[in-house]
Number of protein chains: 2
Amino acid sequence: MVVELEKHEAAGRAVPEPSLRRMPLYHRMLKQLMDGQRTQVTCTEIGLQLGFDPTQIRKDLEYTGIAGRPKVGYPLGALIAAIESFLGWNNVNDAFLVGAGNLGAALLGYPHFADYGLNIVAAFDRDEAKVGRAIHGKEVFPLSRLVGLAQRMHILIGIITVPEPAAQEVADLMAAGGMLAIWNFAPAHLKVPPQVIVHNENLYCSLASLSQKLAKSLAAKPGDAAPPSP
Amino acid sequence: MVVELEKHEAAGRAVPEPSLRRMPLYHRMLKQLMDGQRTQVTCTEIGLQLGFDPTQIRKDLEYTGIAGRPKVGYPLGALIAAIESFLGWNNVNDAFLVGAGNLGAALLGYPHFADYGLNIVAAFDRDEAKVGRAIHGKEVFPLSRLVGLAQRMHILIGIITVPEPAAQEVADLMAAGGMLAIWNFAPAHLKVPPQVIVHNENLYCSLASLSQKLAKSLAAKPGDAAPPSP
DNA sequence: TATTATTAGAGAAAAGTTTCTCGATAAAGA
DNA sequence: TCTTTATCGAGAAACTTTTCTCTAATAATA
């Protein structure tokens, strides 16, 4: 017997990655509209402001399980709530951050992560000089305590902001501590147990795309700005 | 008359974004192989280590214009050079960074950007307290000098690490200064002239993908780690 | 030298994503 | 009330990206 699942059922098929990544853009825009005392919004309007096709937005919003009405659109408050629920931003997850360097400090000071389901509760670092200090109100512990504290506090999310050579070792510790999701800012390909979700935030990957397009654009119309070697 | 272009010709068709974003992963891995005194590499080997399909890698590498040999693979040094050339990492571009906060400082201290075609030469900030100081050896200028200096120095790349409300204004200044590429770390949808390439590095977009998958994974098997409200 | 195993490269097929088309529905105006 | 207009929602079509299949080339081995 085959059980038909609703499209937006939790255990249903995977949601396209591009759709997932557009959700926060909708969310942000809708929040701003909400501040302007609006109560309804249409895909046409969202698309116009964000530069997306309205049909695409309709398909994306379908994943959240909300229904709109022709000629009117979607109820704003309910739509925002649906997105937050869909993304799991209702239940805030505690997280550990490893690597209290520049980037780590930046993330520790990032505003409003808690509004987006992420609560960084502590930092870890191998450097004894950093241990014991607090950064943006978050205490820094020695790396040796990571596994024990993660297990005891049931921490599910780990954030890696260490230099590349240490990244795999930190990932191993996180897996040993029972973490299920790793947000990896080190430019490294991590090997983890199958139950662990890894998201890589490799800046060089983004940079590659940017610089290739710029190089191509300069090659196409070598104007005033790009002096070729004379 | 129709002129047939080579696939890898500079003015040719657009390279898929996913392919572009995989290039730095190949580059990194190949560099490590190079350190191990290797001279040849096959797609099979790259795929095994990075977890990609070898055919996909072959298609990606085709864009760089390099040719491999059956049974042998690609010459390692030439392949690395081809990737760097393809991504425009040979000609280093100067860049200005605006927003000398936590994240800005992290980027100013990022290692080896110059090896990847990006040379951040100066920072800018609206905050008078930050102006005049140097962060990781890069001087901080007042925002008012951005346009003039960008024009004079022919700066093509701008990096935005200001809070969201100031992002559009900074983008406008960058466009006015003649910049052609913007790397935007603010969670904002920027409106820019058509010739300007914008790359958004919205952390909330990545976080959304991560937290949705984690929430789904927890919902699927509510094991020891996720205590439901009793 | 012939055979075998491996791999690049090209093209086809499959899978995934975006855009288009159309009917249904709801609101506003004639 | 009837017509017009705007928009949702569903399915089809177009496009993009990944994976598969096959051939030819190359080196190693018998």
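Every heavy atom of this structure was used, including side-chain atoms; hydrogens, water molecules and symmetry mates were not.
- In this structure, A:Gln40 places its CD atom 11 Å from P of C:dA28, rounding to the nearest Å.
- B:Glu45 places its CD atom 13 Å from the C1' atom of C:dT7, with the value rounded to the nearest Å.
- One interatomic measurement links the two molecules: CG of B:Asp60 to P of C:dG9, which rounds to 13 Å at whole-angstrom precision.
- Judged purely by atom type and a 3.5 angstrom limit, B:Thr64 has no side-chain atom pairing as donor or acceptor with the backbone of B:Phe86.
- Remark: P of D:dT19 and CD1 of B:Ile57 are 10 Å apart, rounded to the nearest angstrom.
- For the 3.5 Å distance criterion, the side chains of A:His189 and B:Gln49 fail to qualify, holding no donor opposite an acceptor.
- Comparing the local axis fitted to the first five base pairs of the helix from C:dT1-D:dA30 to C:dA30-D:dT1 with the one fitted to its last five gives a bend of 0°, rounded to 10°.
- Taking atom NZ of residue B:Lys59 and atom C1' of nucleotide C:dG9, one finds them 8 Å apart after rounding to whole Å.
- If you measure from atom CG of A:Asp53 to atom P of D:dC8, you get 12 Å, rounded to the nearest angstrom.
- No donor-acceptor distance shorter than 3.5 angstrom exists from the side chain of B:Asn200 to the backbone of B:Asn202, with no hydrogens or angles considered.
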Q) Where do B:Leu146 and B:Met179 land on the side-chain contact (heavy atoms from CB on, under 4.5 Å) test, with the steps shown first? A) CA-CA 11 Å; B:Leu146 177 67; B:Met179 296 187 182; 4.2 Å; yes
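- The local environment of NZ in B:Lys191 is crowded, with over 12 non-hydrogen atoms from other residues, nucleotides or ligands closer than 6.0 Å.
- Summarising the geometry, the separation between CD on B:Gln56 and P on C:dG11 is reported as 19 Å, rounded to the nearest angstrom.
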**Q.** Annotated protein contacts, base or backbone, on nucleotides 24-30 of chain D with a non-hydrogen cut-off under 4.0 Å, one of B, S, - each
**A.** -BBB---
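- Although no hydrogens or angles enter the test, the distance criterion places no donor-acceptor pair under 3.5 Å between the side chain of A:Gln195 and the main chain of A:Leu180.
- Between A:Gln168 and A:Asp172, the side chains place a donor N or O and an acceptor N or O closer than 3.5 Å (distance only, hydrogens not considered).
- One atom, CD of A:Glu62, and another, P of C:dT17, lie 15 Å apart when rounded to the nearest Å.
- Without hydrogens or angle criteria, A:Trp89 side chain to A:Tyr116 main chain gives a donor-acceptor distance under 3.5 Å.
- Under 4.0 angstrom from either OP1 or OP2 of C:dG9 there lies at least one side-chain N or O belonging to B:Tyr74.
- Residue order along DNA chain C, read from the 5' end via each residue's closest nucleotide, puts A:Pro18 first among A:Pro18 and A:Arg58.
- Between D:dT18 and B:Arg22, a contact under 4.0 Å exists linking OP1 or OP2 to a side-chain N or O.
- The aromatic rings of A:Phe113 and A:Tyr110 lie parallel to each other, their planes meeting at an angle below 30°, with 60° marking the opposite boundary.
- Taking 4.0 angstrom as the limit, B:Thr55 places none of its side-chain polar atoms (N or O) nearer than this to OP1 or OP2 of D:dC20.
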